Asks: 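Dumping the structure here so I can ask a few things about it.
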Number of protein chains: 2
Amino acid sequence: MANAAMKNDKDPAGLPEYGELDGIVGFHIRLAHGAVYRHFTETFAELELTQKQVSVLWLLGENPGASQIEIGNRLRMDRATTMTIVNRLQERGYLRRERSSSDGRKQALHLTPEGEKALAEAKVCIRSHEEWLKSRFSAQEIEKLVEMLGRIHE
Amino acid sequence: MANAAMKNDKDPAGLPEYGELDGIVGFHIRLAHGAVYRHFTETFAELELTQKQVSVLWLLGENPGASQIEIGNRLRMDRATTMTIVNRLQERGYLRRERSSSDGRKQALHLTPEGEKALAEAKVCIRSHEEWLKSRFSAQEIEKLVEMLGRIHE
DNA sequence: GCATGATTGTATGCTCTACTAACGATTTCG
DNA sequence: CGAAATCGTTAGTAGAGCATACAATCATGC
């Protein structure tokens, strides 16, 4: 399978090798994100909620009456992307739009009782998802990891 | 920053706050990934290459003759996803498919001269992209970060 | 050797996310 | 007041991921 001029397809354990790519930080962030994404999707398969949907529900639970633009800014989504997510949540009856009294351009978003219920269920799933993720680190490492990730996205 | 009952929409500098979400590790991974993704897209706007495309070109440059399944395994992509990316690269003339002599089911993938050229240009862009990413860390921090990310995706 | 199952590539379709461009309504500012 | 900026909305484009189904090839066991 391997000769002098060419690398192995896999190491003996069947895990892939990355060659030079292994030195690229962005590459590892993408792989880690993919792994988290896949586990999240499994965890939330029954609830049929995506990461973005949960994030919007979560923020709305803490900030009732927030506008779409505010939600979008927090999650680094543009207006159009925020729209599609809010639309889906509204179609499922998890939130309602109200005209903002202070600014006629804005829609104040509020969770419905169904939305509150979905958020509560989602938080349970998030707990086990986070447990899966955090289990490989010490508390100190987690703090350091989050701090370093913050330096990237802030 | 926060009062007892409710969080502000933004801090004085206009940066969003996350409330409870701030304690979720997966949330920070997703935000960091998004930031890296956006910068990558800007950096590669002229070359019109995506992260996945660059990764495939890169692996193919180091592993000429690799099959689609091998490339997919390395990058944690399923066969269908790998197909679409290989198709695009082939349409642009960056690689060619050859029937594997050792296994009739496999296609041996090879970079074309245009593909080699694109890869060389991509590596230059990767260098500046990585510079942007790494500039906020010390060498020791980078090593720790990559090691921790590896614990997630390995 | 041959039937069976596994692997690989391919094709199709669906979903989610992200971005652009345009438009109307509203607010804000000069 | 008029002009510029903001917010929501709609429409279109695109990448990426996944599931399913099918054909060709390989590997295995009988």
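It should be emphasised that the depicted structure is a prediction, and the values quoted were computed from it without experimental measurement. Here is how names work: the chains are called A, B, and so on, in the same order as the sequence lines, proteins then strands, and each is numbered from 1.
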Asks: If you look at every strand shown and take non-hydrogen atoms under 4.0 Å, does A/T81 touch a base, only sugar-phosphate, or nothing?
Replies: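 Answer is base: heavy atoms of A/T81 come under 4.0 Å of a base.
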
Asks: Want to settle it: does A/R79 or B/G104 sit nearer the 5' end of DNA chain D, counting the closest nucleotide to each?
Replies: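 Closest to the 5' end, via its nearest nucleotide, is A/R79.
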
Asks: Of the listed nucleotides (D/dG17, C/dT17, D/dT9), which one gets closest to any side-chain atom of A/K52?
Replies: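 Closest nucleotide to the A/K52 side chain: C/dT17.
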
Asks: What contact category does B/D103 fall into here, base, sugar-phosphate, or nothing, at under 4.0 angstrom with non-hydrogen atoms?
Replies: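 Answer is sugar-phosphate: B/D103 comes under 4.0 Å of backbone atoms only.
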
Asks: Taking five pairs at each end of the helix from C/dG1-D/dC30 to C/dG30-D/dC1, what angle separates the two helix axes (nearest 10°)?
Replies: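 For the helix from C/dG1-D/dC30 to C/dG30-D/dC1, the axes at opposite ends meet at about 30°.
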
Asks: Within the side chain of B/E154, is there an N or O that forms a donor-acceptor pair under 3.5 Å with the backbone of B/R151?
Replies: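 The answer is no, because no donor-acceptor pair under 3.5 Å joins these two groups.
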
Asks: Can you tell me which nucleotide in D/dT25, D/dG8, C/dG9 comes closest to the side chain of B/Q107?
Replies: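 My answer, after comparing the listed nucleotides, is C/dG9.
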
Asks: If we count only N and O atoms by modelled type, under 3.5 Å, do the side chains of A/N87 and A/R97 hold a donor and an acceptor together?
Replies: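 A/N87 vs A/R97: donor-acceptor pair found between side chains.
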
Asks: Touch check for B/S67, heavy atoms < 4.0 angstrom, all strands: base, sugar-phosphate only, or nothing?
Replies: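 Here B/S67 touches the backbone only, sparing every base.
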
Asks: Base, sugar-phosphate or nothing for A/R97? Non-hydrogen atoms, less than 4.0 Å.
Replies: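 The answer is sugar-phosphate, as A/R97 gets under 4.0 Å only of primed atoms, P, OP1 or OP2.
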
Asks: What nucleotide, of C/dT8, D/dG8, D/dC18, holds the atom closest to the side chain of A/M83?
Replies: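 Of the candidates, D/dG8 comes closest.
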
Asks: Please pick, from D/dC7, C/dA6, C/dT10, the nucleotide with the shortest atom-to-atom distance to any side-chain atom of B/R105.
Replies: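 For the B/R105 side chain, the nearest candidate turns out to be C/dA6.
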
Asks: Do B/S55 and A/R30 have a side chain donor and acceptor closer than 3.5 Å?
Replies: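 On atom types as modelled, these side chains qualify, holding a pair under 3.5 Å.
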
Asks: Between B/H129 and B/F40, how do the two ring planes meet: parallel, tilted or perpendicular, split at 30° and 60°?
Replies: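 The arrangement is perpendicular - the two ring planes meet at more than 60°.
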
